Each structure stands twice: as structure tokens, then as C-alpha cells.
2 protein chains.
Amino acid sequence: MATGRTHRPATRSRGIPEATVARLPLYLRALTALSERSVPTVSSEELAAAAGVNSAKLRKDFSYLGSYGTRGVGYDVEYLVYQISRELGLTQDWPVVIVGIGNLGAALANYGGFASRGFRVAALIDADPAMAGKPVAGIPVQHTDDLEKIIDENGVSIGVIATPAGAAQQVCDRLVAAGVTSILNFAPTVLSVPDGVDVRKVDLSIELQILAFHEQRKAGEEAEAAGESEAVIQTPKESGKGPDGDVPAVMPA
Amino acid sequence: MATGRTHRPATRSRGIPEATVARLPLYLRALTALSERSVPTVSSEELAAAAGVNSAKLRKDFSYLGSYGTRGVGYDVEYLVYQISRELGLTQDWPVVIVGIGNLGAALANYGGFASRGFRVAALIDADPAMAGKPVAGIPVQHTDDLEKIIDENGVSIGVIATPAGAAQQVCDRLVAAGVTSILNFAPTVLSVPDGVDVRKVDLSIELQILAFHEQRKAGEEAEAAGESEAVIQTPKESGKGPDGDVPAVMPA
DNA sequence: ATGTCTTTGTGAACGCGTGCACAAAGATGG
DNA sequence: CCATCTTTGTGCACGCGTTCACAAAGACAT
Ligand SMILES: NC(=O)c1ccc[n+]([C@@H]2O[C@H](COP(=O)([O-])OP(=O)(O)OC[C@H]3O[C@@H](n4cnc5c(N)ncnc54)[C@H](O)[C@@H]3O)[C@@H](O)[C@H]2O)c1
Ligand SMILES: NC(=O)c1ccc[n+]([C@@H]2O[C@H](COP(=O)([O-])OP(=O)(O)OC[C@H]3O[C@@H](n4cnc5c(N)ncnc54)[C@H](O)[C@@H]3O)[C@@H](O)[C@H]2O)c1
């Protein structure tokens with residue numbers, strides 16, 4: 001560990017908390033908007049409001065990146081855009097493949113938000129032979145048989161899975177074997193991957209179920225506060241039964 | 001108004017942690033699969049593996065719902081499916097509207113995972129007059145002008161926003177004013193809503209940026225390990241439980 | 001240079017989530 | 001009925017993330 005400076009990791013700090021990393025894109029988006037409006041500097045209070053977070057949290061987040069602010073003034077917008085972009089690895093181009101070009105996969109391929117952030121759709125891959133060669137969003141769909149070759153030739157390290165759930169693990173295994181080390185999974189399945197591979201999942205169904213939980217809780221509290229019956233404003237028409245008073249259909253043995 | 005949220009001493013264990021709520025759909029999915037295979041009971045260990053979580057965490061999660069397991073045996077699959085469904089509010093039907101029927105909105109409308117979980121697409125809404133009346137996924141698209149009427153007549157409390165970012169806040173405001181109290185937002189914007197309204201966001205761009213960060217970090221560590229040993233990344237000094245943990249960032253005065 | 005004013009950067013306290021480890025509970029077998 | 005074995009339910013400790021509150025740092029005016 002013979003190093004000139006043992007401490008002071010500052011700008012090269014590897015210890016950025018995961019929660020902070022997840023917020024950096026949020027700050028970056030707000031800063032980009034300010035940059036487009038040619039705003040030179042911004043205070044933590046203003047930027048926090050734009051990003052929808054607490055200002056103390058924002059300052060602490062930035063403190064992990066280093067001291068890029070000026071006391072009494074705020075942060076230099078352009079400089080901060082660059083620093084966060086660099087930290088997130090957006091100063092380089094990331095080729096991405098999308099596997100499973102159905103409803104969702106096609107929508108993703110058509111999404112403009114990719115390129116604007118340094119991500120480039122390098123290839124679209126589907127198992128359906130009828131789709132091979134057919135262009136989606138201007139990119140010809142390629143067959144799954146060539147998956148390994150495509151990954152290798154394009155130097156792809158990020159893969160997006162938009163296949164049915166049943167095929168997801170298999171696709172995932174092939175992607176990983178071919179060299180992909182980051183996966184964004186839209187299929188409602190738990191993917192198992194070796195160490196060193198990152199998986200993030202986007203599950204619409206889960207999000208809706210979480211909303212439903214809170215919705216039910218709100219309705220329950222409202223009914224409770226009102227007095228009794230669940231005849232509140234937003235009771236689904238068809239549902240005759242309320243969230244309460246149901247009887248378990250099955251009892252454990 | 002009516003921000004009285006503090007006096008909730010939990011009449012009957014109504015204090016389920018948010019992190020637990022977010023995992024319940026995961027358990028439910030795994031349990032549903034077991035149910036379809038007619039598996040009668042499952043241990044916390046097996047179910048945890050299927051859901052991709054720690055078994056102790058799963059047991060603690062279930063303990064918030066009550067004691068539904070049998071020691072020495074495990075959990076009754078059917079009963080647990082029912083209990084979690086009830087807790088999440090999935091025993092009732094939730095009408096949902098999707099606003100913004102473009103690439104993504106159309107994909108969502110076509111998504112079968114909605115109905116299978118108790119969510120019903122009550123209406124599709126778009127601002128483009130050319131789309132009005134045109135059926136998407138068998139449901140005719142309606143114009144934004146009728147948004148309030150649609151929400152009201154269908155008793156909708158959950159709305160999905162899939163419009164461009166610039167229109168999202170405006171759409172959100174109208175949804176909320178019309179009575180929607182839960183919103184799933186796909187547009188890359190921070191939505192501001194009054195108290196009592198829940199917003200969850202799905203941001204593909206953010207997910208990719210988080211993956212890119214880790215990807216870059218992996219590449220950096222690799223290069224570092226290959227040749228340049230500038231600094232020791234992390235030296236696990238004591239495998240035991242050292243109370244000191246991370247090195248506090250020392251400030252050179 | 002000195003004082004005032006603004007805003008950052010961070011120490012410290014707190015709360016939440018996680019995972020270990022084990023006693024209690026119940027099943028199962030003799 | 002008792003012994004043993006399996007698995008739950010949870011007390012506890014630890015670490016991470018959030019938030020407060022404030023001293024320090026710099027800008028700016030005089
Ligand atoms: N559509 C949505 O809005 C939505 C929302 C949330 C989650 N999802 C999930 O995303 C996934 C895709 O949804 P979708 O609506 O696009 O389905 P889809 O059926 O329209 O598309 C699936 C595509 O994957 C292809 N495919 C199947 N097996 C493959 C394989 N082994 N290798 C490569 N390609 C393969 C099919 O040919 C098809 O083109 C599903 O898992 C779904 O649950 C979709
Ligand atoms: N396509 C994707 O994969 C993807 C991924 C992540 C995020 N997003 C986000 O989702 C949103 C939609 O993306 P898209 O690709 O479907 O865009 P799109 O342009 O294809 O569709 C947008 C639709 O919204 C409608 N619209 C516009 N203003 C409206 C208003 N005020 N009220 C009602 N409808 C209105 C338009 O008529 C259009 O049909 C965007 O914010 C995008 O950033 C999309």
C-alpha cells in the first residue's frame with residue numbers, strides 16, 4: 001500500500017453510496033435543463049427543488065464527488081454537468097443491445113432518450129425468424145443465433161432483456177457468456193447471474209401493486225375517518241365488496 | 001389539509017415497512033408459480049430462493065402480516081397467496097387509465113400483465129385528435145378533452161402517464177384534479193403533487209446510467225488490477241467485525 | 001483590510017432495513 | 001407421552017441513508 005498519499009481519495013473516490021449514484025442522473029437531468037437555459041450557477045437549494053430532493057441530501061451527495069461548489073455562490077452548472085457525466089461514465093459511448101423486439105422492445109428501440117444520454121442501440125435481437133432483417137426504428141432485427149457474434153463485434157457490455165419471462169434466464173445466460181456484464185431486465189422474473197454482473201429490473205406490475213397497496217390503505221383510512229361504509233369518492237364501480245370485511249377462503253391446515 | 005398522518009398507532013399491525021411492501025409482489029409472483037404447480041406448502045428457504053431474497057428477510061416480512069406459517073412445515077401456498085393479495089389490495093379490481101398512447105403507451109396497453117394482476121385498462125387517452133376512436137389493443141383511444149369525465153365515470157384512482165416529459169406535469173395536474181390519487185410516471189420529469197397522492201416513477205434512462213456507472217467502475221478496477229497499482233481499492237483489514245469500518249475522509253487543513 | 005452576508009461542506013444524531021442466531025412451536029417417530 | 005427434528009418468528013446488533021444544524025469559506029461592499 002505504498003502510496004504517496006494514503007488518504008484523500010476525493011475525486012477518485014470509490015466509496016460513492018449506491019443511493020447517491022441513483023440520484024446523480026436526477027441531478028444531471030435538472031442541470032442539463034439549466035444549462036440549456038444558459039444559467040451559469042445554481043445553489044443547492046434551487047437545484048434540489050428542481051430535482052425533487054432535500055438540499056442537504058444534495059450537498060452531501062456532491063460532497064462524495066469532491067468540492068465542486070463555491071460558498072456564497074453555488075455550483076457552476078457546466079462544470080457540474082461535466083463532473084457528474086464523467087462520474088456516471090457518460091463521457092463515453094455505451095453500445096447496447098435489446099433482446100426481444102415485441103411490443104416493449106420496439107418501443108424501447110424507438111425511444112429517443114437512449115442516444116441523448118450516451119447510449120447507442122447497437123443491435124436488436126429476436127428469436128422470431130420472421131422478424132430477421134425487418135427494420136425497427138431504422139435498425140434491422142437480427143436473429144438470436146448471432147447473439148454472441150453481435151455482442152463480441154460491437155463490444156457490448158450492456159444488454160436489455162424484453163423477452164417473455166420464460167425466455168429471460170436463457171437469454172441472460174447467453175448474454176453473460178458472451179461478455180455482457182450489465183443487464184436491464186423488463187421480464188417479470190428473478191435472474192440469477194454470476195458475481196461481477198449487475199442486474200437492474202424494471203417491473204411495471206410490481207409498481208402498480210405497490211400503488212394499489214397505498215391506494216387501499218388510503219381508502220381504508222378515509223372510510224375509517226368517515227365512520228363506516230366504504231362508500232367513498234373513488235370506489236371502483238364494479239367492485240361491490242370493500243377492502244375490508246372479506247373472509248378468508250382457505251384456512252391453513 | 002387533512003394531513004393528519006401522525007396519529008396512526010397501528011390498530012392492528014398496520015405499520016408495514018415500505019421495503020416489505022415492495023417485496024410482497026415478488027413473493028406473490030413466486031407463490032403463484034408454486035400454486036400453478038399445485039405445491040401445497042413451501043418453506044421460507046425455498047420461497048426466498050425463488051424470490052431472490054434472504055430467507056430471514058422473508059420471514060420478517062411475513063411477520064408483519066401476521067403468523068401465517070407452521071413451524072416445522074412452512075407456509076400454506078394458497079393461503080399465503082390470498083393473504084398477500086388481500087394485503088396488496090389485489091382482491092379488488094383496479095381500473096387504470098393510460099395517458100399518452102405513443103410507442104410506450106401502446107406497448108403498455110398491449111401488455112397482458114395488467115389484467116392478470118387485478119388491474120384493468122379502463123381507458124386510453126391521447127391529445128392527438130387523429131388517434132381518437134382508433135383502437136389500440138382493442139380499446140378505442142379517447143381524447144384528452146374527456147379526461148375528467150372518463151376518470152369520474154370509471155371510478156379511476158390509478159393513472160399511468162406515458163406522454164412526453166413536457167406534457168407530464170400538466171396531465172398529472174388534471175388527473176389529480178379529477179380524482180386520481182396514484183400515478184405511475186414514465187416521463188423523465190419530477191412531478192409535483194399534493195399530499196395524499198402517490199407517485200412512482202419508472203425511468204429507463206436512469207437505470208441505464210446507474211448500470212453505466214458500475215460498468216465504468218468495473219472497467220476501472222480491472223485496468224488498475226492489471227497494471228497500475230496506484231491505490232489499494234479496499235483492504236479488508238480484519239475479517240471480523242471491526243467497529244471502525246470505513247476510513248473517514250480526512251480533511252487536510 | 002475588515003466586516004457582513006450567503007451558501008457550502010460536514011459532524012453528529014437518528015431511524016430504517018438487514019441479517020444473524022436462537023428459542024419457541026409444532027410435526028413426527030418411537 | 002416423551003424425544004427429536006424441522007422450521008418459524010423475532011430479539012438484537014450493525015451499517016447505511018437521511019436530516020439537522022452550524023462552522024468555515026468565500027464573495028462583496030466599504
Ligand atoms: N409491454 C409492456 O408494456 C410490458 C410491461 C412490463 C413488462 N413487460 C415484459 O416485457 C417482456 C416483453 O413484453 P412484450 O409485450 O414486448 O411481449 P411480446 O410478446 O410482444 O414480445 C416478446 C418478443 O420476444 C421475442 N422472443 C421470445 N423468446 C425469445 C428468445 N429466446 N430470444 C429472443 N427473443 C425472444 C418474441 O419473438 C417477441 O418478439 C415480457 O416479459 C413482459 O412481461 C412488458
Ligand atoms: N418509448 C420508450 O421506451 C420510453 C422509455 C422510457 C421513457 N419513455 C418516456 O415515455 C414517454 C412516452 O414515450 P413514447 O416513446 O411513447 O413517446 P411518443 O411520442 O411515441 O408518444 C407520446 C404520446 O403522448 C401523446 N401526448 C402528447 N401530449 C399529450 C397530452 N398533453 N395529453 C395526452 N397525450 C399527449 C402524443 O400524442 C403521443 O401519442 C416519454 O416521456 C418518454 O421520455 C419512453
Side-chain angles (χ1 to χ4, degrees), chain A residues 7-11 13-24 26-27 39-49 51-77 79-80 83 210 252-253, chain B residues 6 8 10 13 15-24 26-27 39-49 51-77 79-80 83 210 234 236-253:
Chain A
H7 300 305
R8 200 68 195 127
T11 48
S13 169
R14 277 345 189 269
I16 301 180
E18 190 59 30
T20 295
V21 173
R23 280 188 294 268
L24 290 182
L26 229 50
Y27 303 143
V39 177
T41 61
V42 65
S43 72
S44 64
E45 205 69 50
E46 294 167 323
L47 185 55
V53 303
N54 183 295
S55 71
K57 194 187 293 186
L58 177 143
R59 286 198 300 275
K60 178 141 289 193
D61 282 343
F62 286 175
S63 79
Y64 293 117
L65 309 183
S67 295
Y68 296 144
T70 306
R71 297 175 190 224
V73 175
Y75 298 92
D76 182 279
V77 172
Y79 187 60
L80 202 47
Q83 289 299 343
I210 295 172
Chain B
T6 17
R8 196 80 185 104
S13 73
I16 302 180
E18 190 59 29
T20 295
V21 173
R23 280 188 295 267
L24 290 182
L26 230 50
Y27 302 144
V39 177
T41 61
V42 65
S43 71
S44 64
E45 205 69 50
E46 293 167 324
L47 185 55
V53 302
N54 183 294
S55 70
K57 195 187 293 185
L58 178 144
R59 288 197 298 276
K60 178 144 292 190
D61 283 342
F62 286 175
S63 78
Y64 293 118
L65 310 183
S67 294
Y68 296 143
T70 307
R71 297 175 191 224
V73 175
Y75 298 91
D76 183 279
V77 173
Y79 186 62
L80 203 47
Q83 290 298 343
I210 295 172
Q234 67 172 34
K237 296 186 176 180
E238 298 176 17
S239 298
K241 38 189 67 177
D244 76 354
D246 280 338
V247 179
V250 179
M251 274 264 304

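Order of the sequence lines fixes the chain letters, A, B, ..., with proteins taken first and strands second; residue numbering starts at 1 for each chain. From a predicted model like this one, the values you see are computed outputs, not experimental measurements.
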Point to revise | Atom-to-atom span, CG of A/L58 to P of C/dT7 - whole angstrom | key: 14 Å
Point to revise | D/dT8 OP1/OP2 closer than 4.0 Å to side-chain N/O of B/S44 | key: yes
Revision key, fill the gap. note: A/E45, atom CD; D/dC20, atom P; distance rounded to Å ~ 11 Å
Practice item. Please check if the distance between the ring centroids of B/F62 and B/Y68 is under 6.0 Å. Key: no
Review point. Does a side-chain N or O from B/Y75 land closer than 4.0 Å to OP1 or OP2 of D/dG9, or not?
Key: yes
Review point. In whole angstrom, what separates B/K57's NZ from D/dA13's P?
Key: 21 Å
Study note, to complete from the structure: When rounded to the nearest 0.5 Å, the distance separating CD of A/Q83 from CG of A/L24 is 11.5 Å
Point to revise | Heavy-atom pair of closest approach, residues A/S44 and A/S55 | key: O-CB, 3.9 Å
Review point. Nearest of C/dG9, C/dG26, D/dA21 to any side-chain atom of A/A56?
Key: D/dA21
Practice item. Round to the nearest Å and state the distance from B/L47 atom CG to D/dT7 atom C1'. Key: 14 Å
**Study point:** Interatomic distance, B/E18 CD vs D/dT18 P [rounded to whole Å]
**Key:** 14 Å
Revision key, fill the gap. Note: for A/S63 and A/V73 on DNA chain C, the residue whose nearest nucleotide lies more 5' is A/V73
Review point. Any chance the side chains of A/T20 and A/D61 put a donor and an acceptor closer than 3.5 Å?
Key: yes
Review point. What is the distance, rounded to the nearest whole Å, between atom CZ of B/R59 and atom P of C/dA21?
Key: 13 Å
Exercise for review: May I have the distance from A/I16 (atom CD1) to D/dG17 (atom C1'), rounded to whole angstrom?
Suggested key: 15 Å
Check your understanding: If only atom types and distance count, is the side chain of A/T70 paired as donor or acceptor with the main-chain N or O of A/V73 below 3.5 Å?
Key -> no
Practice item. Nearest whole angstrom, please: distance from the P of D/dT8 to the CG of B/N54. Key: 13 Å
Check your understanding: For DNA chain D, whose closest nucleotide is more 5', that of A/A19 or that of B/D61?
Key -> B/D61
Practice item. Take A/K60 and A/R71, find for each the nucleotide of DNA chain D with the closest heavy atom, and name the residue whose nucleotide sits nearer the 5' end. Key: A/K60
